[in-house]
Each structure stands twice: as structure tokens, then as C-alpha cells.
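Here the structure is a predicted model, which is why all the values come from computation and not from measurement. In what follows, chains carry the letters A, B, and so on, assigned in the order in which the sequence lines appear, proteins first and then strands, with residues in each chain numbered from 1. Side-chain atoms are counted along with the backbone in the values below, which use heavy atoms only and exclude waters and symmetry mates.
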Amino acid sequence: MPYEPANIEARWQEAWDKAGVFTARRDADKPKYYVLEMFPYPSGRIHMGHVRNYTMGDVVARYKASAGFNVLHPMGWDAFGMPAENAAMERGGHPKDWTYSNIADMRGQMKPLGLSIDWSREFATCDPEYYGQQQAMFIDMMGKGLVYRKNAVVNWDPVDMTVLANEQVIDGKGWRSGAAVERRELTQWFFKISDYSGELLEALDGLKDWPEKVRLMQANWIGKSRGLQFAFSTVDAPGGFDRIEVYTTRPDTLLGASFVAISPDHPLARHLERHDPKVADFVADCRKIGTSEEALEKAEKKGFDTGIRVRHPFDTAWEMPVYIANFVLMEYGTGAIFGCPAHDQRDFDFATKYGLPIPSVFIPEGTEEATLTEAFVPPKTEKVRYIRGFAGDEVQAGAEAVDTAIEFCESKAVGHGVINYRLRDWGVSRQRYWGCPIPVIHCEACGVVPEAKENLPIELPYDVTFDIPGNPLDRHPTWRNCACPKCGAAARRETDTMDTFVDSSWYYARFTSPHAATPTDAEDADYWMNVDQYIGGVEHAILHLLYSRFFARAMYKTGHLPAKAIEPFKALFTQGMVTHETYATKGADGRPVWQMPEDVMKIDSGAALRDGTPVEVGPIIKMSKSKKNVVDPMNIIATYGADTARWFVMSDSPPERDVEWTASGAEATAKHLARVWALCDRIGTMEEAAGGEGDDDLARATHRAIADVTAGIEGFAFNKAIAKLYEFTNTLGKSKAGKAAMSSSMRVLAQLMSPMVPHLAEDIWAHLGGIGLIAQAPWPVADPAMLVQDTITLPIQINGKRRAEISVPADMPASEVEKIVLADDAVVKFLAGQPVKKLIVVPGRIVNVVI
RNA sequence: GCCCGCGUGGUGAAAUGGUAGACACAUGAGACUUAAAAUCUCCCGGCCGUAUGGCCGUGCCGGUUCGAGUCCGGCCGCGGGCACCA
């Protein structure tokens, strides 16, 4: 019988459906296990990153179910966002129709993968049922003081008259219009995530099952620092600005100050801007840089001397200039800094550019003061000699010096020590249609008031068009005009929608009770939370995961989650990305036009489109819609079957590492699975009495395989689990054991393979007399007695180089091993009579003879 | 620019500080076949050598250690994130 995946896969998927194997129900008698993969954006096509992500989750879900857990494994759609509006603008149609049709397409592509998903819990974030509950929570959060409004800057395209995302700003120009982008200030909605800065940081220590690197990245993002806040008194400053407050994390370098720099958005800069055209020019120039931190940091550092001077707090005769500088952020600290060029490279460059002094505060121990060619910035733990210190020992580490400097300044009433966080409040306003409407009403009499809950959901109106840029909600009078829920007077609805990160910050909680009339159901949330294993791309290491951690706390505060769920993800696994080469042709304006891999042909001189247009082959980067370097897994499934696609993405590459997609290899996987099936077929037709040689060896190999594969799956080392499965398959194929032993081992092989290739595994199971569905059979357990080895091979090193090896009983004491080693022919020959200085025996591992 | 990660054969990779290259892919050689495909077997880091074997080898430079792919310091290259991409 040949291996026919198309045939068996459909059959087993039907069998699972019929038996309702994956429908999750609360069951107090079983331990629960909630496994979740980051839900996809419904672009319309699944890509290899999805296949990798969801297969990984499926392996865990199927394994845990076999191991006796009551598993919840849901799926949904992160369905709001810009691509739907872009599609509407480019091709016509409606974002809602586009999105739901994409969801239907993608569901149709995912189902053949045979994932053990409880599809009865599926929802999309653009379902009014979902976003209505999100609006209810927004209102609850307003009630708890977690929501506020303030001014914030956005990228403004003056030609298209629309707000641009950072991604839509390319080299300071709008992606469609090509117009120079301006910064514009708008009143926007914010979540007070900064209330939780300290807690979100400290709680990272408790996330033992998160990757260290993610915790580090989050810690750095929150950016706790201790420093000194103090004021410089000004000379020749306008009225009301007799002091400039600054914050510094290096108060120990106060005597190395050479200038003060304020943000272009600092109140003093704003004041000067109104009165001095030259300041206005400079500030306007600063505002041409995009709003992203990356753009600011990469921009040429520029300053404008305001002519205002400040007095040094320790010496009123010492005056320093005040610059407006494009690299000072208004959002961090006080929006003003003092520059210490000797010990900060950016300040050094600035001082060099504007001819400012560069006095050293400390120098390396054992050296003399010298003219610096770059800033001297040793680690804060390194001891240095303070030549312009004012507190503490002459020789001390930066960290101590900061503490003593703060103490000293406090005692002299020059400022006070403060804890500062880099984390900013979360701006959630988006001036776009395809998002969750912010459920707020602007009333002339009552001001800004939350919508009444009984009016929820505030649904998006369908009758909108995208022929004019801008937010269609703004120009939709019947939707916009409403009654004030407080006084009943005519009022206007908020037209901002929420950041799509809000949608993805609580979907995991909604899955526990996807159709509840409140955001969550207390009993369901209590039973299923937390997510035991969360799996997704490392690119979400900071924003999505931090926002989710905040949102879970906000949901606890508003009574929508139990206290135990404030850290919603018990364990996190960040899979590597699926990468691919990028391809671009040159557009009319010289900017790159990205091309799909399937449209590109490799030719001798490089690559080209089918019509011969030359294509530039770009860097290998994360597959992304915007760069079009995506590959369609559907043809792999059509040609070889889902099991081949699943096995292939799990084999070879470790799951946390990036993998570059290449077409080769899928065929080899299909061949292997066919070999496994052929082996099963052969065993099925064996004579009962045949063979019988080495039954015990096969049993040992089987238990070894159970132990190794189980360890591989538990440890997220799927590639190693698969290598062990290859090894075991080869052993089984060569075995001369009898039918009963072969058959039993083959069924174990099928079980061990079942998380990866569930359809083939079911078929083998059924073929060799397994009872019921393999999906419901208990996971095999290795007998420890079958794993012990009697003799082991010990390599012998001489001076760290391998020279010989010996075979000894596994439990031989070290003293015995030493004797055998020293008597070994090869060792004696190598020693050539030289005395042995040291003999290291690492039991069960290695012997090293030092001469 | 700042934060984080990664770098091992032709390729994907493996290796609690303990025999570098398990397990695969590709190439090559062979068996079967009239032939091809399929299947099976063998070789497969480099150099020297008939071989036992020897020397070199985990991006580069240095350090710790009896022993370093693994730990530490400094570089180089690539990737991720940088708050309005999802």
C-alpha cells in the first residue's frame, strides 16, 4: 500500500471532528493546560512563519493532551489595522469585506494542516461582539483613572492631509505623496502604563519560564534609573524662566558640565520660538525629523545657542550657554539636560562641533589628565580617579560616585534624588477607520464623557468611502452626531479608533469564554488562566508582551481577571523568524518597488522578472507583507500533504533560530514519511513466527527513543526530537525482532511522531491494531531500567587532546579507571616515561592526563 | 545612534565547560534495471598519508581553565526592536 497523504489526512481530520477531540471543556478533575500561539493578522494567505508557529503550538498541545492534560488550544484573528484600509484605497472595496473574506481564505488554508484547535472559540477582533467588550473595558479603565488625554505629536502628510504611521514615512517623506512629512500636535488618548513601571519591571524576575533575552529587553525598555533632579538658575532669560530643571543619571560629573541643552518642545523653546524668528526656523527644522526615536538618534546632532546663560549650582560665577538641541527628548526626564562632553560621546561630538570646553571629571586609575579624542565612558562598576569630584573618595566606581553625589547635593539643597523610568504612557489614539472606536462622546455642556454601556458596542458604520485621504469617521455626520449620554443634548462622537495593540492585549483572556456578555466570565477565566505556554515571534518581545502584561493588570483592577492572571503568560517561547531574500525593482521615482519571490526568476547575472526587468536581490530579512518576501505554503501541502509540511518546518532548524526558507528539502521529508509508512506496511504483513532475534535490544532502543523524544518536546528542541525519531526509525528498520516486538515498537514510533505528523500516526496506529484514536491514547512512558548502560566508552585526553579511548563498566570507581588509563598501551606510548602531573577523571565523561 | 540576539562542513544543524560535526539535505561512487525513475548500500570539514595515524579547524584578536564552539574582554559581520507595521 503506498503512502497517500491527501487521502488519509482528510479522513483523519473528519474522524477528529466527529469525535470532538479538540473541543475544550472545563473539567475540575483534570489539570488544565492552555497553549496559545500569537494569533495571525488576516492578510489572506498563510505563510511559512504561520506554519512554523502553529505547528509548534500544535506539537505542544497534542503532546500535553496525550500526557493527560485538559488542553485549551484556540485560534482567532488580529483583524483590525492599516492593510485593510490600504487595500480599500488601492483596489476599492470595503475593509470589512476584505478582512472577513481574508479570514475565510486563511481559515480554509489552516484547516488542512490538521491543527488540534478548538475552532468553536474562534473570533476576530473586528467582530462587534469582541470590540464592544473592549469598549466596555475602556470605560471601566476611565473609571479607574487609567485613561487620560494629552497632546502628542504625529507624522502629518501635508499633501494627503492625513496622519502617517512611522512605517509610512520613508526618508522623511510620505510613502504615497512623497511630500516632506511634518510633525503635528493632536490631543490624543493615553493609557497610564507608567503607573505600573516599577511593578512591570520587578515582576519580570518572577517570569522564570520566559527567555532571558526578552526579560532583559523589557527591563531596558522600562529603563529604571536613579539620578538627580535639580535646577540651574538662568541669566538673561525671559520672565517665568528663571530656572531650568534638569535630570541627570550622572550627577558625579556635575563639575564636567559645559552646556545645557533643552528639547525643541521644551516650554522655554516654545516661548523663544514665538519671539525669535531664528529660533522658530531652528525649531521648525528640528520638527522635520520624524517622530520615531530611531530617526531622532540617527539625525545629525544640531544645537542653537539661545544666548541665555545658566549659573553652575556650585559656583555662581561659572556660567554656561543654553542650547536648543534636536536630540533632547521632551518625554524623558524634564526635557532638559546638562552636557558633560568628557564622559558622553554625544555630548562630546556636540561640544566639539560648537567649540565648547571638555573638562574631564575622572580619568583611568594610574594616568594623568590628557586631552581627550573621544569621550571616556568606562563601565559604572569600574574604579576611576576623580580629578573634579566633589563627594566620596578620590578613587571610586561610577555607581558609588553617583550615590555619594546625590547625597551631597541633597545635603546642600541642590536638587534631590529621583527614580526615573524611560517607559512612556501608551498612546492609543489612531486617526483611522478600521479599528475599535473609542467609546467617548464630546458634549459642549458635559465635556468628555464615556458612552453609556447599554449603547455598546459602538459599531463602525459601513457606509464609508476611501477615495479621499483621512479618517472617514470624521466626515460621517450621522455616525458622528449623537446624544450626550449624560445630559441628552446633541453631542459628537470621538472619531479616533484604538491602536491594534489594544485588541491583541487581551484576546488570550477572551478565549476562555469567547461569547460571554461581559469581557470575561469569572469562572472560565479562573479555570483556564493563565496561558501555560505562549508561542510567537521574537519581534513581539517588547511592545505586544509589555502591553499585554499591563492590560492584564488593568483587567484585574477593573474586575475582569483574577489576581493570579496579572502575569497572563506563564511560559513564553519566542520562535525565530522565517526569513527570505528580498527582491526589488526600481520605481519611477527611484524608490524600490518590492517583488514577490514567485514573480522573480534567478538568472546568470542575478535575478529578473518574467518580462526581463532586472531585479535587485536584497538582504535576507523577516518575511513581511510590506517587503513582499513571502512564500506560500499551500503548494507544499497540495503536493506532499500537511504532515510533510509540518515535519519539515519542525526538523533541522532549532525553533528559536531564524530559518531561511528554501524550496528544497520538502521532497526528502515526503520520502522519509513514505519510508515510515512502508515499514509499517511490512510489519503488518510479517509472519507471526518470523524473526525474534534481538527483541530485547529493540525494546531498549524503544525506551531510549521514548526518553529522548519526550525530552526534546518538553525542552522545545523539536529538531532534536526529530533527529532521534530518524535514529529510531533506522534502528527499527534494521531490526530482526519478531512481529509482536516490531509491531509494538512501531506503534510507539507512531505515538512519538504523532504530535508532528498526526495523520500518518493515526493511520499507522489503526493499521497495527492500536485501540481508539492515537490522538487520545496516553503518551508512552520510558522504563528507567531499560535506559541504563552497562559499559561506556571513555575518551582519554593527554594535555587536552584526545589520544585514546577505553571501554569500562559504567559504575567503575575513578580509582580503578585511573589504573586502567595509566596501563593503557596508547597512553604509555604517549607518555614515553614522562611523569604525570595531574590525572583528571570526570566520571562517565572523560579522562585527562596532564604531563 | 541605543537596546537585544546570532555567527560551527557545500547546506540545515548536533555537542550539562569534557571525543566538534549526531541526525538530515545536496554532491559523488556503487547495486538493482535493457535504460531511466524509484529503491537500497557506501563515502562525504581541510591538509599530509596506502594505512595505523598526524597536523589544522567552530567569524577575528586576546584571556580564564587540566580542558573552551560553550565562560570573560575587545572587534567584525548579519538579524530583531526602537513606542502609529502587525
### Query
Would the Y534(A) and Y508(A) ring centres measure less than 6.0 Å apart?
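They do not qualify: ring centres at least 6.0 Å apart.
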### Task
Step through it carefully: locate the ring centre of Y547(A), locate the ring centre of W426(A), and say whether they are under 6.0 Å apart.
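Aromatic pair counts; centres sit under 6.0 Å.
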Of all the choices, [options], which nucleotide is nearest to the side chain of [X] once you look at every atom?
| X | options | answer |
| --- | --- | --- |
| H540(A) | A86(B), A83(B), G18(B) | A86(B) |
| A165(A) | C25(B), C85(B), G54(B) | C85(B) |
| S653(A) | A13(B), G18(B), A24(B) | A13(B) |
| N848(A) | U19(B), A14(B), G18(B) | G18(B) |
| N719(A) | G80(B), C85(B), A13(B) | A13(B) |

### Task
Examine the side chains of D349(A) and Q345(A) and answer whether a donor and an acceptor come within less than 3.5 Å of each other.
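Yes, side-chain donor-acceptor contact under 3.5 Å.
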### Task
Report the residue (T500(A) or K671(A)) whose heavy-atom-nearest nucleotide on RNA chain B is the more 5′ of the two.
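Result of the comparison: K671(A).
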Identified pairing partner of [N], criterion: Watson-Crick or G-U wobble below 3.5 Å:
| N | result |
| --- | --- |
| A24(B) | U11(B) |
| U41(B) | A29(B) |
| C71(B) | G63(B) |
| U58(B) | none |
| C6(B) | G77(B) |

Scan [X] against the nucleic acid and name what it touches under 4.0 Å (heavy atoms): base, sugar-phosphate only, or nothing.
| X | value |
| --- | --- |
| Q797(A) | base |
| R432(A) | base |
| L423(A) | base |
| S651(A) | nothing |
| N730(A) | sugar-phosphate |
| K724(A) | nothing |

Would you give me the side-chain donor-acceptor pairs under 3.5 Å for residues 794-805 of chain A, sequence neighbours excluded?
unit_1	atom_1	unit_2	atom_2	d
N799(A)	OD1	I851(A)	N	3.0
R802(A)	NH2	E805(A)	OE1	2.9

### Query
When only distance counts, do a donor and an acceptor, one from the side chain of E293(A) and one from the base of C82(B), lie under 3.5 Å apart?
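Checked by distance alone, the answer is no.
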Using residues 669-680 of chain A as the side-chain source, report each donor-acceptor pair under 3.5 Å to any protein atom, sequence neighbours left out, with the distance given to one decimal.
unit_1	atom_1	unit_2	atom_2	d
T669(A)	OG1	G665(A)	O	3.2
W677(A)	NE1	M1(A)	O	3.0
W677(A)	NE1	P2(A)	O	3.3

